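Since the structure is predicted, the reported quantities are computational estimates derived from the model, not experimental observations. Lettering follows sequence order; numbering is per chain, from 1.
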Number of protein chains: 2
Amino acid sequence: MRWYIASMKSPDRTQTARPSYHHGDLRQALLLAAKALIAEAGIDNLSLRKLAERAGVSRTAPYHHFSDKNDLLCAIAAQGFRRRHQAAQDTFNDPSLTAAQKFAEYICGYVRFAAENPEEYELMFGRNIWKQKHSTQELLDVAYPCFQHQLEMITSWQASGLIGGDNPLRTSQVIWGTVHGIAKLLIDGIYTDSAQIEEVSQCAVTLFIKKAS
Amino acid sequence: MRWYIASMKSPDRTQTARPSYHHGDLRQALLLAAKALIAEAGIDNLSLRKLAERAGVSRTAPYHHFSDKNDLLCAIAAQGFRRRHQAAQDTFNDPSLTAAQKFAEYICGYVRFAAENPEEYELMFGRNIWKQKHSTQELLDVAYPCFQHQLEMITSWQASGLIGGDNPLRTSQVIWGTVHGIAKLLIDGIYTDSAQIEEVSQCAVTLFIKKAS
DNA sequence: GGTGCAATTTTGACACTGTCAAGATGCGTT
DNA sequence: AACGCATCTTGACAGTGTCAAAATTGCACC
């Protein structure tokens, strides 16, 4: 009966009211609540304690579903990679687009994705996650194919003569760097005018595409 | 005489032994000690308390020289901007270099600077500093001319026909994005092999320089 | 030389964080 | 019905940034 009292104290549970002492699907509820909290106040203001309270459980309950705070963040980042990977594959496999259109959509779509989900993108590429051994195996398993797919796309565009360069790996590293850098400068508030996103992306496209001259 | 006892407890003071109760130049000592600590254990592991202990003062002493932890970090970041700005100016004003050489040196030098001072670079562009109103006036005063100078350099290279694009602002935003992105991916450990730095930078140079054909 | 002021430093305290250990609770299986 | 195990809670600890009030000292002025 104790949980009922706790439920009265914090009725603002992201998920539906817990039907019993055991939550049922706390892991999912935590992920949802975490994303909500991050969207409200940013990553820096996310604490496991606030998160637990939001989910209507005690402080240490999350530790039975995530070994660590970092583990939770990696799980959210993994979701982001899945979404981005799916979107990139969709445009690349769209038969109604020319190679040039696909390339332009890759560049603009990448930056747009980061601009529309700044906190999630920050999580996906935050230094705390990738530096050293902080990344979960799940994150690696999801992120690596995403990186690989990027490499394949750019390599194919280069092979078809759409863009310049000679070494495919190096070229794709540069282009990835470009979109990543634009996204970062934008998210971090250094490119203050976020209305210019599309223009900057478009400029990048024209700079990389080889002129047919 | 209390300070003497304190001095015995933590003799590892970055600066020389404090000659009196008043430190003399605690602000400078704190900046030095902070950079040392960051170099040892990274930004995330820097706490004001450890820093104060390292400098041989009490926990709250730093608050009389920096209003905030963020204020301290901004001061370190400002130093980084000054160094980078100086280096960029030096190469740009070097009369023994051609425009193409200057451009290549700008790209490679930028990435090299970030790779050689990863923590400082992280500080200079960390989201916590630029997001919202977290940046000090001093930081703005130092960083803005640095950004401006970058814009001028790239604009001049574009005007001389060395690199493509039409809108100077957009072009320089893309190129800055490229070097920033490469640097970030490198620092955050996503481009694992740091021996490729120069190759990637060089590839970026060749991708941007207009072929004389 | 003594005195008072202002700069500097310290001690104490508070709220908050991540995380561990030990106990409580309830579901599923035997 | 009873046991085991996954799940959740309470209690606790070390660490963090930061504020308020007290202590210490250097310096200018009489």
Side-chain angles (χ1 to χ4, degrees), chain A residues 1-10 13-15 17-31 33-34 37-38 41-75 126 128-129 134, chain B residues 1-10 13 15 17-30 33-34 37-38 41-75 126 128-129 134:
Chain A
M1 294 300 152
R2 294 291 280 285
W3 66 267
Y4 185 73
I5 299 173
S7 159
M8 300 295 290
K9 264 203 256 181
S10 60
R13 176 171 313 149
T14 298
Q15 288 289 78
R18 177 167 30 154
S20 71
Y21 182 84
H22 287 11
H23 186 287
D25 197 0
L26 183 54
R27 184 185 164 95
Q28 202 60 28
L30 286 172
L31 286 176
L37 278 176
I38 286 177
I43 301 176
D44 302 336
N45 290 64
L46 171 70
S47 76
L48 286 188
R49 296 170 107 102
K50 279 187 254 174
L51 171 61
E53 192 187 18
R54 175 78 152 238
V57 295
S58 77
R59 297 149 270 155
T60 56
Y63 283 88
H64 292 105
H65 300 271
F66 303 95
S67 69
D68 229 321
K69 181 180 187 179
N70 187 67
D71 191 17
L72 199 168
L73 297 182
C74 282
N128 19 356
I129 286 188
H134 281 28
Chain B
M1 294 301 151
R2 294 291 279 286
W3 66 267
Y4 185 72
I5 298 173
S7 158
M8 299 295 290
K9 264 204 257 182
S10 60
R13 176 171 312 148
Q15 286 290 77
R18 179 166 29 154
S20 73
Y21 183 87
H22 286 19
H23 185 287
D25 195 1
L26 182 56
R27 184 185 165 96
Q28 202 61 29
L30 286 172
L37 278 176
I38 286 176
I43 301 175
D44 302 335
N45 289 64
L46 172 71
S47 77
L48 285 189
R49 297 172 108 103
K50 279 188 254 174
L51 172 61
E53 192 187 17
R54 175 78 152 239
V57 296
S58 77
R59 297 149 269 154
T60 57
Y63 282 88
H64 293 265
H65 301 271
F66 303 95
S67 67
D68 228 317
K69 181 179 186 177
N70 188 65
D71 192 16
L72 199 168
L73 298 181
C74 282
N128 20 355
I129 287 188
H134 281 28

Symbol by symbol from the 5' end, with Watson-Crick or G-U pairs under 3.5 Å, [ ] crossing and | another strand, DNA chain C is ||||||||||||||||||||||||||||||

What one should report as the nearest heavy-atom pair of A/R59 and A/A52 is CA-CB, 3.9 Å

Roughly how many Å is it from CG in B/L51 to P in D/dT18, rounded to a whole number?
13 Å

Can you find an N or O donor on one side and an acceptor on the other, under 3.5 Å apart, linking the side chain of B/R59 with the base of D/dG17?
no

Integer-rounded Å distance: C/dT17 P and A/I43 CD1
16 Å

Rounded to whole angstrom units, what separation is found between the CG atom of A/D44 and the P atom of D/dG17?
14 Å

To the nearest 0.5 Å, tell me how far B/I43 CD1 sits from B/N128 CG.
8.0 Å

Can you check whether A/L72 reaches A/L31 side chain to side chain, under 4.5 Å on heavy atoms?
yes

D/dC19 P sits how many Å from B/L48 CG, rounded?
11 Å

Per the atom types in the model, does the base of D/dG15 pair as donor or acceptor with the side chain of B/R49 at under 3.5 Å?
no

Nearest 0.5 Å please: distance from the SG atom of A/C74 over to the NZ atom of A/K69.
12.5 Å

Going from CG on A/L30 to NE2 on A/H64, what distance comes out if it is rounded to the nearest 0.5 angstrom?
12.0 Å

Side chain of B/S58, heavy atoms from C-beta onward: which of C/dT19, C/dT10, D/dT9 has the nearest atom to it?
C/dT10

Using every non-hydrogen atom in the two residues, find where B/A34 and B/L51 come nearest and quote the distance to one decimal.
N-CD1, 3.4 Å

A/T60 near the nucleic acid: base, sugar-phosphate alone, or nothing, with a heavy-atom cut-off under 4.0 Å?
base

Which residues, if any, of residues 63-71 of chain B bring a heavy atom under 4.0 Å of DNA chain C?
B/H64, B/H65

Take atom CG of A/L72 and atom C1' of C/dT19, then tell me their distance rounded to the nearest Å.
14 Å

CG-CG distance between B/L37 and B/L48, expressed to the nearest 0.5 angstrom
10.5 Å

Nearest-Å distance for atom pair NZ/C1', residues A/K50 and C/dG18
13 Å

Interatomic distance, A/H134 NE2 vs C/dG18 P [rounded to whole Å]:
14 Å

For B/S47, report the nucleic acid contact type (base, sugar-phosphate, nothing); a contact means any heavy atom under 4.0 Å.
sugar-phosphate

Could you give the CG-to-P distance, from B/L26 to D/dT25, as a whole number of Å?
16 Å

What distance separates B/H65 NE2 from B/L26 CG, expressed to the nearest 0.5 Å?
4.0 Å

Which value, rounded to the nearest 0.5 Å, describes the distance between B/S47 atom OG and B/E53 atom CD?
9.0 Å

